[in-house]
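Chain naming here is simple, since letters A, B, ... match the order of the sequence lines and numbering starts at 1 in each.
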Amino acid sequence: MSSQSDVVPSILKAFSGKVSELELNPPQSAILVDAAAIRDVFEYLRKDTEFKFDYLSCLSGVDAVEHLEVVYHIFSTETKCKLTVKVKLPPENPEIDSICDIYKAANWYERELSELYGIKVNVHPDMRLLLLPDDWDQGHPMRKGWTGDDFVVMPEK
Amino acid sequence: MELGGLFKWIGEILQSMGLSGAWLSLVANTLVAALLLGLLAVMALFLVWWERKVSAHIQDRLGPMRTGWHGAIQTLADGLKLLQKEDITPKGVDRPVFFWAPVVVYAACFMAYVAIPWGKDLIPADLNIGILYIIAITTFTVISLLMAGWSSNNKWALLGGMRSAAQIISYEVPLTLSILGVLILAESLSMQTIVQRQEGIFNWYIWRQPLGFVIYIIAATAEANRTPFDLPEAEQELVAGFNVEYSGMKFAMFFLAEFLNMFTVSAIATTLFLGGWNGPILPSWMWFLIKTLFLVFVFMWIRWTYPRLRVDHLMEFAWKWLLPFAFLNLILTGVGYYLWDVIFG
Amino acid sequence: MGIVSKLPVYMENVPGGGLVTTRLEQVLNWSRASSLWYMLFGLACCAIEMMCTGASRFDFDRFGMIYRASPRQSDLMLVTGTLTHKMAPRIKLLYDQMSSPKYVLAMGGCATRGGPFYYDSYSVVKGVDLIIPVDIYVPGCPPRPESLMEGCMKLMEKVKQEKLVDWSRDVKPE
Amino acid sequence: MDDEKYIEIDPVTGTSSDSGFPTEEFMVNMGPQHPSTHGVCRLLLTMDGENVKHCQPHIGYLHRAIEKICENRKYQMITPLMDRFEYLMSMACGWLYCLGVERIAEVEVPERGEYLRVLMTELNRIASHLIFLATFGLDLGAVTPFLYGLRDREYIVDLFEETSGQRLLYNYIRIGGVAKDLSVGFEKKCLKFIDYFLPIIDDYEDLLTNNPIFLTRTKNVGVLSRDLALDYAAAGPVLRASGIKWDLRRDDPYGCYDKFDFEIPTGENGDTWDRYIVRIREMRESCSIVRQAIEGLPEGDFKAKVKPSFKPPAGECYTRVESARGEMGAYIVSDGTNKPTRLKLRGASYNHIMALPEICPGIKIADLVAIFASFDSIMPEVDR
């Protein structure tokens, strides 16, 4: 029987060296993956028959100032297991491999990642702007410290 | 109060003024045409208001309330406003076609009214091929819708125009076939004769042609572009369909023509199946109006109840269901008529 | 508009023409005010309140206001919600496609001045009046259907005060 | 449905394989202003006559940068913004955010507060499904369901207005509980509404469910297969219509949903009709949950004490709730200050519209309208 507590040890066993466990508050099953190994890990998770991670719920970029993070939240609709997968990227020239052939749901999230955070997504089938206007030329607005033409910061009281 | 007498009286006055022959008929016909045009305008105004009220009450609303008694002159306000609106001819349209499309649709509606028997002795022109004439004239609408759709230089309008062409031409066939049954029974193409044959409620052709009546009503709904067959202007799919680029008075003409068309098909149904102006006590034209407006109400009722068909289902329905049934109806009528003739004749 | 727009200028020079113009003006203004067809067009949250206003309980149709899907046939543009930089050129285009006389009602805080998205947002236009001229502003986030209706009634009053002469000289009141 | 066959067009000669007739494809823009895109979504369609060959959604016309704004707001100031993220079901969205913050800061919500949240969210689910019913009918050309749906929604809106003071964006669910207790006589009015509403659902069904035109328009139209639905992370009624019995209220319980007894309706084919009927059945279930919530409503506090200078500890949390459109998620990262570092929002409509190009090829444009309406997408959830 596959239980939530077995998820992380099982992955650590399969990918020793490239994957490490993350301690987060509040406690949850989370792993930190090397950017280079991201496709291998997700291919393994997708095909994995024990936990059956079939549902990519969310893919978010985070600007933690000293580094960028890409966070994947995946779930299983059969075994009800959850897993948080994190990748840390350098703030300059961040690059990550696309997983949208593994989880189709990743498609637009990755486009968003590229336009809002400036993370280059490799081998993505359709890399156009998603949310921003077609003639946008002011950089990546979700980065911390970004400013633009029409951007007013709320004054502190 | 028979209006037929009124017309005779006008004719006599004209005669007493010394007019005769060609002049008399010219003046009389012009007068009738002017009267008809006025009637048409009033009728269209009334129908638009009525549709809005009926739909409002079906939907738990009130409808127009601020212009006159229960918004009675709402359509007048709409019309005046549309007169003042800028008349836009967008860039890239086929100008002459774009201009003439609303004129054609309005003219077609108007011309159909000439052969409708409004009451006893009250028919602008009692043609001996009246029904054939009306069927031929109302088909003109499709040309104008196609013109509007094609000339607008807009893809939605083009889709609407194409849909209307496909739809109206398809439904024209079962419509005409369903009428043929009545014509066999009436042995005449003249509208007045058909009505005179139906004196007394039991002689109405609806009792002998129930299938024909049902087919006619369905096909007529499609002819008049009403829901569930309002595909040419399906708001949710084609924005506004063939008239998407029209503004101001040109749009108003399309808008009014739709309602006049609905009135025309109801008037034909009344004449052919519901005994026309026949009825006790009330004057004949009143009976005609009551029956026709009741049918118009039925059309509105259908409109606010049913969803819209999809274009391929629509064609399927016309060719696979309505047409065979219309043929069946025609054959049954013919055979029945012949047998009746052999046995009792 | 053709003859209708030229007429008042000529009429004013005829003795007694002023009276006729005034009467005509009243009738025409009345007709425009009582038949404001609005464009079926929703941007954000306020669109839901606009839908409610059009529905059974509040019923826009009482004022003779019905929706038209095509901008060519509508008189009133209800800007219901937040306008973004990506959407702004489209709004401009829609406004240009409407046939004059045309009116714009900015519904809600976002359409008026950016609303809750004024600060810290990189994509919101701070007021629809930066893009197209606005006749009436209705405050609220979102405004209640009653306030939208009041906004429309205020617009009707405004329409009823229009002068034919201004109109025909192509002077757009700012 | 045998004439549904999709006609191939030779790209070189422009002739279709069927007739030998020269035809040409054309592109048409559906939206951003189009009556049936429910907001400002733009679909770029490649059409062959009435048939849609390819559909490319363009979004972002309502991108208001809520995520960016939230990074410069204190935790309590974010709840009103959350309502604007999902205006048709703002109760669920407020709950989503508060749930995340409460999990990071370990705030204990009093039981009455939890019950009130369930009560309000379920009422809001009914209201949202009524809007779905209204617009779905309208997009199929039936105008009357639109007005009936909105008429009955007004009863719920009145209940909300009485409690929270707003008609649409309630800002009712706050960190630690809810903003206000119920007003006097709320329970009675609410039960009265449920009694009134249950037979009304049958009326809707009379009007639509078994209407032959409605059936031909919706049955086997826009089938989203089980695998595709999972692959695109579809959620809520769309996922359930594809035959997957997945409901976060049961499968990943939050609040006090584990104390309630309800069914999870599912469909079989994943077509437009299934998505419709799942929502109709969900309305009945929601009525039952509302009744249970009122009957089991405990006494006591409705809100835990939260200081005005609220600062959760550093941490991060991904929370999900089941909204009317499906799984709504929020990823909250806190660095220990009074403002979040990151707040990522995930709406179900986003994934549904992403999946639209997979369903589209070969359908008619009228079907596209029906499919879009059956997803019940709302744009702020997509664009944020």
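- Within the 4.5 Å cutoff, the side chain of C:Y122 has no heavy atoms near those of the A:V152 side chain.
- Counting heavy-atom pairs closer than 4.5 Å to chain C, the top residue among A:W146, A:F151, A:W136 is A:F151.
- Within a 6.0 Å sphere centred on NZ of A:K80, other residues, nucleotides and ligands contribute more than 12 heavy atoms.
- The shortest non-hydrogen separation linking A:D150 to C:V124 is OD2-O, 3.8 Å.
- In this structure, C:D120 and A:M154 approach most closely via the heavy-atom pair OD1-N, 3.3 Å.
- The minimum heavy-atom distance between C:K86 and A:L132, with the atom names listed, is NZ-O, 3.4 Å.
- Remark: A:E23 CD is loosely packed, at most 12 non-hydrogen atoms of other residues, nucleotides or ligands lying under 6.0 Å away.
- No more than 12 heavy atoms of other residues, nucleotides or ligands sit less than 6.0 Å from atom NZ of C:K154.
- Environment of CZ in A:R143: crowded, with over 12 heavy atoms of neighbouring residues, nucleotides or ligands closer than 6.0 Å.
- Atom CG of C:D96 sits in a crowded spot, with more than 12 heavy atoms from other residues, nucleotides or ligands closer than 6.0 Å.
- Contacts between C:S123 and chain A at a heavy-atom distance below 4.5 Å are absent for every atom of the residue.
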